[in-house]
There are 4 protein chains.
Amino acid sequence: MAEEPTHPRSVRAKDSVLCATRELLDEGGLPAASVDAISARSGVSKATIYKHWPCRAAVAAEAFGRRMADAIPLPDTGSARGDLAEQVRRVSAFYGGDSGKVFAQLLAACVTDPAGAPYFRQFFLATRWEGIAELWQRAQDRGEVDAGVGAGTAMDVLFGPLIFRLLTGHAPLTEAEADTLSSAALDGLLSSVRGESS
Amino acid sequence: MAEEPTHPRSVRAKDSVLCATRELLDEGGLPAASVDAISARSGVSKATIYKHWPCRAAVAAEAFGRRMADAIPLPDTGSARGDLAEQVRRVSAFYGGDSGKVFAQLLAACVTDPAGAPYFRQFFLATRWEGIAELWQRAQDRGEVDAGVGAGTAMDVLFGPLIFRLLTGHAPLTEAEADTLSSAALDGLLSSVRGESS
Amino acid sequence: MAEEPTHPRSVRAKDSVLCATRELLDEGGLPAASVDAISARSGVSKATIYKHWPCRAAVAAEAFGRRMADAIPLPDTGSARGDLAEQVRRVSAFYGGDSGKVFAQLLAACVTDPAGAPYFRQFFLATRWEGIAELWQRAQDRGEVDAGVGAGTAMDVLFGPLIFRLLTGHAPLTEAEADTLSSAALDGLLSSVRGESS
Amino acid sequence: MAEEPTHPRSVRAKDSVLCATRELLDEGGLPAASVDAISARSGVSKATIYKHWPCRAAVAAEAFGRRMADAIPLPDTGSARGDLAEQVRRVSAFYGGDSGKVFAQLLAACVTDPAGAPYFRQFFLATRWEGIAELWQRAQDRGEVDAGVGAGTAMDVLFGPLIFRLLTGHAPLTEAEADTLSSAALDGLLSSVRGESS
DNA sequence: GAGTAACCGAGACGGTACGTCCTGTCTTGGA
DNA sequence: TCCAAGACAGGACGTACCGTCTCGGTTACTC
C-alpha cells in the first residue's frame, strides 16, 4: 500500500476509468457509457480522460476488450478442425449473449468515429488474431490445413459470417448455426470432394 | 408522368426526401445526412420525415439501398463458381470504394439505432439475398454446390468476411484479397483435395 | 329531430366545436384545447374550424365566455356600493378558482395572438361591461356616484387590480383582499357619502 | 474593466445573452426573441441558456426589466398626490409606447409558462413596488394617505387599470385617460381632503 | 330523381420553436 | 504541477402545435 502513491497518478486514473467504464457497459451498454457518466463514476475528470484516449469509443474498447479475451479461452480438442469449430461456437455464443450487443455497439462506434478503430483492433482483433494464429499453427503442424491459406484469411472466413449476423441480425447466432457456418467455411461451399466433412 | 402533380403528396414528399438524402450521402457521408439537413434540402419538414421513417438511418438506408443494387449487377460467367467469385469481387470493389464507407456508416447506424435495422435489411440484404439465391439456384441446377449448404449460409460465408474487413479495416479490400477470400470460402479452409481452386 | 338537418351544417359544426372546447378547457386548461384536440373531439375538421374563427384563442374565448357570464350573476343588495363591492367579490372568487387560471391563459393568448383579442373583448368584456353599466346606472339613479366618473373608468379601477393580481400572482385573490381593493377603489369612485367607508 | 476576461465565464455568458435578448426584443418583440435566435446572436449555446434560466420568458424578463426601471424614474412633485398621479402618467406612457407591447407579451408569456413568473415579478414588479413604497412613505410622512391602505393595495389600484387596458386593449392609454384613472383611484386612496379632485 | 355544386371529414404537410442530450475543449481553483 | 470539477459551444435530436392545403365522399340545392 505504501508504494501505491508511487504509481504515477495517470495509472490510477486509467484504472479507475476502465473499471467504471466496464461497469457502465455492463449496466446499460455503450449508450450508458457516456464520457460524463464515466467521469462521474470514476472520479476522473473529462479532461484527463481525453488526455489518455482520443474518444469515447477508445475508452470503451479498451475497457471491454479483455473481457472478451477472458470469456473465450482457446480450445484444445486434439484436432485442428475441432479446435476451430469449437472456437467458432464459443465466439458465436459470446456474440449471441448480452456481451455481443455491446461488442456490436463498440464496433459500430468505431466505424462512426474512426479515432477509436485502432483501439478496437488492438483490444479485440489482436487478441483474436493471436488465438487463431496459434490454432492455425497447430493445424499446420498437423498438416490439416490448406497450405495456401493464411491465418488472416481463416479468421475472416470463420468469424466474418458471425459478425455479419451479429450486426445485421438477419439470421440467428445459435450453436447449430455456428456449426453450420464453420462446417461450410472449413469444408468449402462447393461440392468438390466430400465425405469427411460433417 | 404528366400526372406527376396528381401523385399523392406523400409520394412526392418521400421522393424529395430520398433524393436529397442521396445527394447528402454522396457529398459527406452519413454524418452529412442529418435530419435537419435532409429537411432543409428536400423542403420536407422534419415532422413529415419522422412520419414516414422511424429514424435517420432508415431514411438513409432506403435512399442508399437501390444505389448498391444498381451498382452490383448479377454476373453470368457460365459457371457457378465463376459467378460467385465474380460477385464477391464486385461487392468487394463496392465496399472498397467511397460507397463502402457510407455502407459501413449505415450499418453502424442501424446497430446504434435498432429502429433502422429492418430498413437496412430490406434495402440492402434483401436485394443481395435475392441475387445470391439466384446464383445459388443456378449452381444447384448445375450440380456444382454442396447440397447440404443453403443460400443463406453461402451468403454469410462469402460476404461476411468482406463486411468484417470493411468495418474493422484490419485488412484491405482489394480485388486480390477478394479472390483469396472467395477461394477460401468456396473451397474450404481445410486441406481436402486442392489444386483445382483458382 | 326531424328539423335538425334544417340547421345549416355550419351551425351544428360551431356548436360541436364550442362544446368540445369547453370540455377540453375544463379538463386541461387552454394548453389542452389545441386545435387538433378540438377537431378530434368535436368531429369537425380543422379547416372548418379555421373557417369560423381566426385562431385558437378566438375559439376558446367564445367557448369560455358564456361560462363566466353565467358564473357571475349581477348582485342586487340595495345599494350601489354594496352591489359593486359584491360584484368585485364575485369576480375575485371566479378569478381565484380553477376558471381563473383558464381566464388568465385566454387573456394571455389573446395578447400573444392579436387575432383573438376581439373575441376576448366580445365574449368577456362586453358582458362584464353591461353588468357594470347596469350597476352604475342604478348608482347614478340613486345619486351615489361621482358624476364625473364613467362606467368604463369604474370597471377599470374596480377590476383592473384583480386582473393584475391574477396575471402576476404577486398577491392573493381572497375575499378579504377583494374587499380591501374594492373599498379603496370605491372610496374614490363614489362621490357622495365619504366617512362610512373604512 | 481590465479584468473583463477574468470574469467568470458564466457572467460573460449571461451578459451576452441579456444583451442579445434586449436587441431582439427591440427589433421584433418577444416573438423575435426565440431561444434559438438569442443563442445565435449571443454566441451562447442553448444548453447554457437553459442552465441559467428556466424558460424563454425568464430571459426576456431579466433582459427587459431594467429597461423599464430606467425609463420610469420616480417623480418628486412636492405632494404625494402629485407624485402618484405623475407616476401613473409615466407608466401609462410607457405601456402605451412600443415597450408596452413587449411588456404585455412578457406578462402573457409568464402566464403561459409559469416558470417565468418569478422572474417577471423580480425584474418588473419588485422595482415598481419599491418605487411605490417610497412614494407611499412620503405620503404617509405628509399625512396625505388613508392610514388603512397599504402600499400594495395602492399599487394594485393605481396600476391594475393600466395593465387591464394594456392587455385587453378595450380602452386607450392616453395621458388624459391616465389622469382620469389616477384621479378616480386616488380619491379613494387618499384620505384627507376630498372634493378638490378633478 | 338525377345532376351538380358547395361543403366538409380527415389528415398530410411546411414551418418554427421547443427543450434535451452528448461530445470534446477550455477555465478555474485547490491540492 | 497536475488534476477534479464542471462550464461552455456546437450541433443533432425527436416532439409539438399551428395554420394551410389536398383529397375524396357526403350533403343539399337545382333543374
Side-chain angles (χ1 to χ4, degrees), chain A residues 8-10 12-13 16 31 33-40 42-51 53-57 113 115, chain B residues 5-14 16 31 33-40 42-56 113 115, chain C residues 5-6 8-10 12-13 16 31 33-40 42-51 53-57 113 115, chain D residues 5-14 16 31 33-40 42-56 113 115:
Chain A
R9 279 190 284 180
S10 62
R12 276 178 287 154
S16 298
S34 71
V35 181
D36 283 308
I38 295 171
S39 172
S42 66
V44 172
S45 79
K46 286 169 69 179
T48 304
I49 294 174
Y50 281 106
K51 219 166 272 173
W53 293 273
C55 65
R56 181 176 73 127
D113 182 350
Chain B
T6 64
H7 272 316
R9 286 197 288 173
S10 63
V11 170
R12 276 179 281 159
K14 284 191 82 165
S16 298
S34 70
V35 180
D36 282 308
I38 295 171
S39 172
S42 67
V44 171
S45 76
K46 283 170 64 179
T48 302
I49 294 174
Y50 281 108
K51 220 169 267 174
H52 290 303
W53 293 275
C55 64
R56 179 174 74 128
D113 183 349
Chain C
T6 64
R9 279 191 284 174
S10 62
R12 277 178 286 155
S16 298
S34 71
V35 181
D36 283 306
I38 294 171
S39 172
S42 67
V44 172
S45 80
K46 286 168 68 177
T48 304
I49 294 174
Y50 281 106
K51 220 166 269 172
W53 293 274
C55 64
R56 180 177 73 125
D113 182 350
Chain D
T6 65
H7 273 317
R9 287 199 286 175
S10 64
V11 170
R12 277 179 281 157
K14 284 191 83 165
S16 298
S34 71
V35 181
D36 282 308
I38 295 170
S39 171
S42 67
V44 171
S45 76
K46 282 169 67 177
T48 302
I49 294 175
Y50 281 108
K51 220 169 268 174
H52 290 303
W53 293 275
C55 64
R56 181 175 74 128
D113 183 349

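Note that the structure is predicted; figures quoted are calculated from it, not measured. So that the names make sense, note that chain A is the first sequence line, chain B the second, and so on, each numbered from 1.
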Checklist line | Rounded distance in Å - CZ (B/R12) to P (E/dC13) | finding: 9 Å
Notebook entry, point to check: For C/K51 and F/dT20, what is the distance between atoms NZ and P respectively, to the nearest whole Å?
Noted result: 12 Å
Next item on the list: Determine yes or no for a side-chain-to-main-chain donor-acceptor pair under 3.5 angstrom, with D/S16 supplying the side chain and D/R12 the backbone.
Entry: yes
Next item on the list: Kindly point out which of F/dC17, F/dG14, E/dG19 is positioned nearest to the side chain of B/D113?
Entry: F/dG14
Next item on the list: Look at the side-chain N and O atoms of D/H52 and state whether any lies under 4.0 Å from the OP1 or OP2 oxygen of F/dA7.
Entry: no
Check: Which residue lies toward the 5' end of DNA chain E, C/V44 or D/A37, if each is placed at its nearest nucleotide?
Finding: C/V44
Margin query: Test of understanding: with side chain to side chain contact (heavy atoms under 4.5 Å, CB included), list the residues that count as partners of B/P31, not counting sequence neighbours.
Written below: B/Q105
Item checked: Between F/dC3 (C1') and A/Y50 (OH): distance, integer Å -> 17 Å
Checklist line | Under-4.0 Å side-chain N/O to phosphate OP1/OP2 contact, C/R56 with F/dC18 | finding: yes
Next item on the list: In whole angstrom, give the distance that lies between atom CD1 of B/I49 and atom P of E/dG14.
Entry: 9 Å
Note to self: Check the phosphate of E/dG9 against C/T48, side-chain N and O only, distance under 4.0 Å to OP1 or OP2. Yes or no?
What the structure shows: yes
Note to self: Can you measure C/D36 atom CG to F/dG19 atom C1' for me and round it to whole angstrom units?
What the structure shows: 10 Å
Next item on the list: Please name the pair of heavy atoms, one in C/I49 and one in C/I38, separated by the smallest distance, quoted to 0.1 Å.
Entry: CD1-CG2, 3.9 Å
Check: What distance separates B/S34 OG from B/K46 NZ, expressed to the nearest 0.5 Å?
Finding: 8.5 Å
Note to self: What is the separation between atom NZ on D/K14 and atom P on F/dA7, rounded to the nearest whole Å?
What the structure shows: 13 Å
Next item on the list: Output all residues satisfying side chain to side chain contact (heavy atoms under 4.5 Å, CB included) with C/A115, sequence neighbours left out; order by chain, then residue number.
Entry: C/P54, C/C55, C/D113
Notebook entry, point to check: Start at the 5' end of DNA chain F and walk down; is the nucleotide closest to C/A33 or to D/S39 reached first?
Noted result: D/S39
Notebook entry, point to check: Base, sugar-phosphate, or nothing for D/A47, non-hydrogen atoms under 4.0 angstrom?
Noted result: base
Notebook entry, point to check: For the pair made of NZ in C/K46 and P in F/dT22, what is the distance, rounded to whole Å?
Noted result: 15 Å
Item checked: Between E/dA10 (C1') and C/I38 (CD1): distance, integer Å -> 17 Å
Next item on the list: Return the nearest nucleotide to the side chain of B/V35; candidates are E/dC22, F/dG14, E/dC18.
Entry: F/dG14
Item checked: 5' priority, DNA chain E, between C/G43 and B/S45 [closest heavy atom] -> C/G43
